[in-house]
> 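Here it is, the structure in full.
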Amino acid sequence: MEFEGVITSIIYRNAENGYTVLSCENSDRYTLTVCGSLPLCSVGEQAVFTGELKTHSRYGEQFAATSYERIAPSTLRSIEAYLGSGAIRGIGPSLARTIVETFGMDTLRVFDNTPNRLLEVNGIGKIKLQSIMDSYTENKLMREIFLALEPFGVTMNQAYKLYKIYGDGCLARLEENPYQMIDDVDGIGFATADKIAQNVAGFEHDSISRLQAGVKYALESSASEFGHTFLPREKLLIKTSELLSVMPELIDDALDWMIDSGDVAFKMVGELDGIFLPYLQKMEESIANKLIGKGNGSSQSRPKDINKYEQELHMNLSTEQREAVLCALEGQNVVITGGPGTGKTTIIQFVIHALSDCGIEAVLAAPTGRAAKRMQETTGQDSFTLHRLLEYNPNEGFVRNRDYPLELDVLIIDEMSMVDLHLMYAVFQALPAKAQLILIGDCDQLPPVGCGDVFRDIIVSGILPVVSLTEIFRQAQRSMIITNAHRINHGQMPILDGLLTDFVFEPFQSHDEILNRVISFCVAQNSTSQHGMLAPQVLVPMKKGDLGVYNINRRLQAVLNPPYGNKREHAFGNNVMREGDKVMQIKNDYKVEWKRYSSDDGSMSEGQGVYNGDMGTIYRIDNDLKTLTIVFDDERIATYDFSQADELDLAYCISIHKSQGSEYDTVVLPVVSGPPIIQTRNLLYTAVTRAKRMVVCIGQEQAIASMVKNNQRRRRYTSLAVMLKNYIEITNG
């Protein structure tokens, strides 16, 4: 006997054996209770149950199921999403929509039972039908996985990644521990895994697995979203309690078990009970130990006559610059920090010239490709990204490590404010004990996108000598960008009355007026870019809202790269990307392969790895091969599968955080009042210092004033500075 219907609720499920009691409604609106070993049934799916009708002495009529088969997703939207996801060769979003409009909820039955009916759809001929059905058959298991998980917000790309990781036993693995998905698949967060755990796998609301997963996720999200390397115990309990909607006392017990088992680490940080993810604690402790044991570079054959090099380079060092140079040339490990126009680049040029004169080669590096390229342009010496210097390999990680250290005498790292905990840990693993370390940056910039606050922690701790550059040089004083950047950094209102300078302010009040002016300015600038003016970069504090990243990108895409001509497109989620779009890589992907052709001799180099913040243009979209080809700003050419498209965002407008370490010809800043947490002085300062030729502020003067006054910094819980200070205090006795 069979009963077919839509599952309306899960009444009971035993997590141990999968025994499930559920309600199912058929097409006649008749509801029947179904019971049996049905561990993967979920609310919203349509299924056929095989078994027999029985009468329970207490619960009445029930259908005792011995097996079941999913026959369709819960909605037409789900069918369309599956067909148009790229999983089936020959079907894109447009054709998927047409197929679903033709067959409705019978669509998948047509595919399974009467595929020749697809010939009724415009655009499908016999040859295309054969290709579609071959692909459809190959993807049957993928379809089952997607249809089971789609009601919980799992996308086709994520389902595909799950299948690649777990294989044919994917659904069984997820039944055992759906929370593992959080670690294994990008984009699947705790909320999605939790829905599947409770609705599919039958996990209890206060099960130990759920509590432990919640604690771990609270720590991980605090690291990824806010940069914390640990959380105080009380804050962790509150955060996890809010996440799970359970009492903190239950979480407290689970946390003790996790500490005992080593799933999380406990350590006093000052007066705080710090709870760490073990690998983050290890990284901070390792960096602290390396800094504590770090000897200075060799003093043999070091340059001593600074006056000689001033004459050779036609430079007159200021008192501050001379102090920094002396530290560097004497072999000291040193931190040099200062804002724009204070001569950091001059110091680098001076130091590498003087060291080279004595046969000592300094290696230059920076955390991003853009920063490394700018360092190379200003010094005339090769500069590396830290990933390239450490020879990152997608399959092996950083090839350079303590067993295969770098071969160098002096390492100069620029843009240190961007270096997060993970990257600094890798640097110290590979740095020879006797190598000199010179760290250069602007400590008033935003902290790194990743977790930790290494540069500021080192400065605050006093473990290394710090030279602060404050003097703005005469040439830099002529730039209103630099003048206003320093005024902002010192809590002074920027000068806004100049119309013919490189810092322009255009007053508007309403969001619509500001948005329209941003659009019109970008269109005008873009149309003149062929005459030597580069297209502007819009920077904003937030992602959502009328003046957020998402909306401004949609508006700018519509006017700067409209869907005219033969431009091909790729749609995924709520995004549409087309050939010619400006895009940004939004996560590190060390496996993407790229090529670069030399404009000098036509030679080609190859490599792997694209990084968070890399920007480029979509050169080609191939809907048959399901690939996007990106030409990055540094001339690397990379090809992505459609399944990797969620690693890219439109980049006509980006967040100020994402702009760190980059430099743009013209920066456009829409400025409006908003929450104090994102209307801060160092956010405005960072945005202004990204511009090379011009800053254009469009919006409310009172919003600029409030940002200048708001010097609050969101605290990052890190332990590095405390460990270093404790060592200094103990050493000084």
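Keep in mind that what you see is a predicted model, and the values were worked out from it rather than measured.
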> Test your reading of the model: is there a side-chain donor-acceptor pair from D420 to the backbone of G452, 3.5 Å cut-off?
no
> If you round to the nearest 0.5 Å, how far is CZ of R554 from CG of L650?
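The CZ atom of R554 is 9.5 Å from CG of L650, to the nearest 0.5 Å.
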> Side chains of Y640 and D589: donor-acceptor distance under 3.5 Å anywhere?
no
> Looking only at non-hydrogen atoms, find the nearest pair between F503 and P494 and report the distance.
CZ-CB, 4.4 Å
> Give a yes or no on whether the backbone of R517 and the side-chain of S520 come within a donor-acceptor separation of less than 3.5 Å.
yes
> Measure across V549 and C653 and return the closest heavy-atom pair with its distance rounded to 0.1 Å.
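Taking V549 first and C653 second, the nearest heavy atoms are CG1-O, 3.5 Å.
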> Please check: side-chain N/O of E647 versus main-chain N/O of V610, any donor-acceptor pairing under 3.5 Å?
no
> Check whether any side-chain N or O of H486 sits under 3.5 Å from a backbone N or O of P340 as a donor-acceptor pair, and report yes or no.
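Judged by distance alone, yes, a pair lies under 3.5 Å.
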> Please table the atom pairs, donor to acceptor, closer than 3.5 Å between any side-chain atom in residues 219-227 and protein atoms at least two apart or in another chain.
residue: S221; atom: OG; partner: Y217; partner atom: O; Å: 2.9
residue: S221; atom: OG; partner: A218; partner atom: O; Å: 3.2
residue: S222; atom: OG; partner: A218; partner atom: O; Å: 2.8
residue: S224; atom: OG; partner: E220; partner atom: O; Å: 3.2
residue: S224; atom: OG; partner: S221; partner atom: O; Å: 3.4

> Run the salt bridge (Lys or Arg N to Asp or Glu O under 4.0 Å) check on R713 and D444 step by step: do they pass?
CA-CA 10 Å; R713 292 175 183 262; D444 292 316; 3.5 Å; yes
> Cut-off 3.5 Å, side chains only: do Q349 and T379 have a donor facing an acceptor?
no
> Of the options N561, V559, V583, which is the one that meets Y652 in a side-chain contact (heavy atoms from CB on, under 4.5 Å)?
N561
> So, does R693 use its side chain to make a donor-acceptor pair with the main chain of D665 at under 3.5 Å?
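The answer is no, because no donor-acceptor pair under 3.5 Å joins these two groups.
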> Rounded to the nearest 0.5 Å, how far does CG of D414 lie from CG of L364?
9.0 Å
> Identify the heavy atoms of H657 and Q660 that sit nearest to each other, and give their distance.
O-OE1, 2.9 Å
> Does K587 come within less than 4.0 Å of D649, counting only side-chain N to carboxylate O?
no
> Output yes when a side-chain donor or acceptor of Q381 lies under 3.5 Å from a complementary backbone atom of A362, and no otherwise.
yes
> Apply the test side chain to side chain contact (heavy atoms under 4.5 Å, CB included) to residues Y664 and I654: give CA-CA distance (whole Å), side-chain angles for both, the deciding distance (0.1 Å), then the verdict.
CA-CA 12 Å; Y664 311 101; I654 64 175; 3.3 Å; yes
> Among N484, T680, D442, which residue satisfies the side chain to side chain donor-acceptor pair (under 3.5 Å) criterion with Y685?
D442
> Between the side chains of Q429 and S286, is a donor N or O closer than 3.5 angstrom to an acceptor N or O?
yes
> Does Q525 reach the main-chain N or O of C522 with its side chain, forming a donor-acceptor pair under 3.5 Å?
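Between the backbone of C522 and the side chain of Q525 there is no qualifying donor-acceptor contact (under 3.5 Å).
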> May I ask you to decide whether E579 forms a salt bridge with R568, counting only side-chain N to carboxylate O separations under 4.0 Å?
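A salt bridge links E579 with R568.
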> Measure across I656 and P541 and return the closest heavy-atom pair with its distance rounded to 0.1 Å.
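Heavy atoms only, the tightest pair is CD1-N, 4.0 Å.
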> Ignoring hydrogens and geometry, is there a side-chain-to-backbone donor-acceptor pair from Q644 to T627 under 3.5 Å?
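Pair absent, no side-chain N/O of Q644 close to backbone of T627.
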> Side-chain donor-acceptor pair under 3.5 Å between T718 and D457, yes or no?
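Judged by distance alone, the side chains do pair up.
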> Flag the pair I347 / L469 as yes when at least one side-chain heavy-atom distance between them is below 4.5 Å, and no otherwise.
yes
> What distance do F428 atom CZ and K290 atom NZ have between them, rounded to the nearest 0.5 Å?
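The distance works out to 8.5 Å.
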> Hey, does the side chain of Q436 reach the backbone of A328 with a donor-acceptor pair shorter than 3.5 angstrom?
yes
> Going by the rule ring pair (Phe, Tyr, Trp, His ring centres under 6.0 Å), which residues pair with Y611 if we only count those two or more places apart in sequence or in a different chain?
H387, Y590
> Checking the side chain of E415 only, and the main-chain atoms of A372 only, is there a donor and an acceptor separated by less than 3.5 Å?
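Not a single qualifying donor-acceptor pair exists.
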> Could you pull out all donor-acceptor pairs under 3.5 Å where a side-chain atom in residues 396-412 meets a protein atom, sequence neighbours excluded?
residue: R400; atom: NE; partner: E391; partner atom: OE2; Å: 2.9
residue: R400; atom: NH1; partner: P405; partner atom: O; Å: 2.7
residue: R400; atom: NH2; partner: E391; partner atom: OE2; Å: 3.3
residue: R400; atom: NH2; partner: Y404; partner atom: OH; Å: 3.3
residue: N401; atom: OD1; partner: D403; partner atom: N; Å: 2.9
residue: N401; atom: OD1; partner: Y404; partner atom: N; Å: 3.0
residue: N401; atom: ND2; partner: V399; partner atom: O; Å: 3.4

> Only one of E284, M283, M424 clears side-chain contact (heavy atoms from CB on, under 4.5 Å) with L720; which?
E284
> Looking only at side-chain N and O atoms, does T689 offer a donor or acceptor that is under 3.5 Å from a partner on Q445?
yes
> Heavy-atom count check: over 12 atoms from other residues, nucleotides or ligands less than 6.0 Å from K344 NZ?
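Correct, the count exceeds 12.
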> Does the Lys NZ or Arg CZ of R636 fall within the cation-pi geometry relative to F632 - under 6.0 Å from the ring centre and within 45° of the axis?
yes
> In Å and rounded to the nearest 0.5 Å, what is the CG to CD distance from L684 to Q679?
9.0 Å
> Would you say that more than 12 heavy atoms from the other residues, nucleotides or ligands in this model lie under 6.0 Å from the NZ of K282, or not?
no
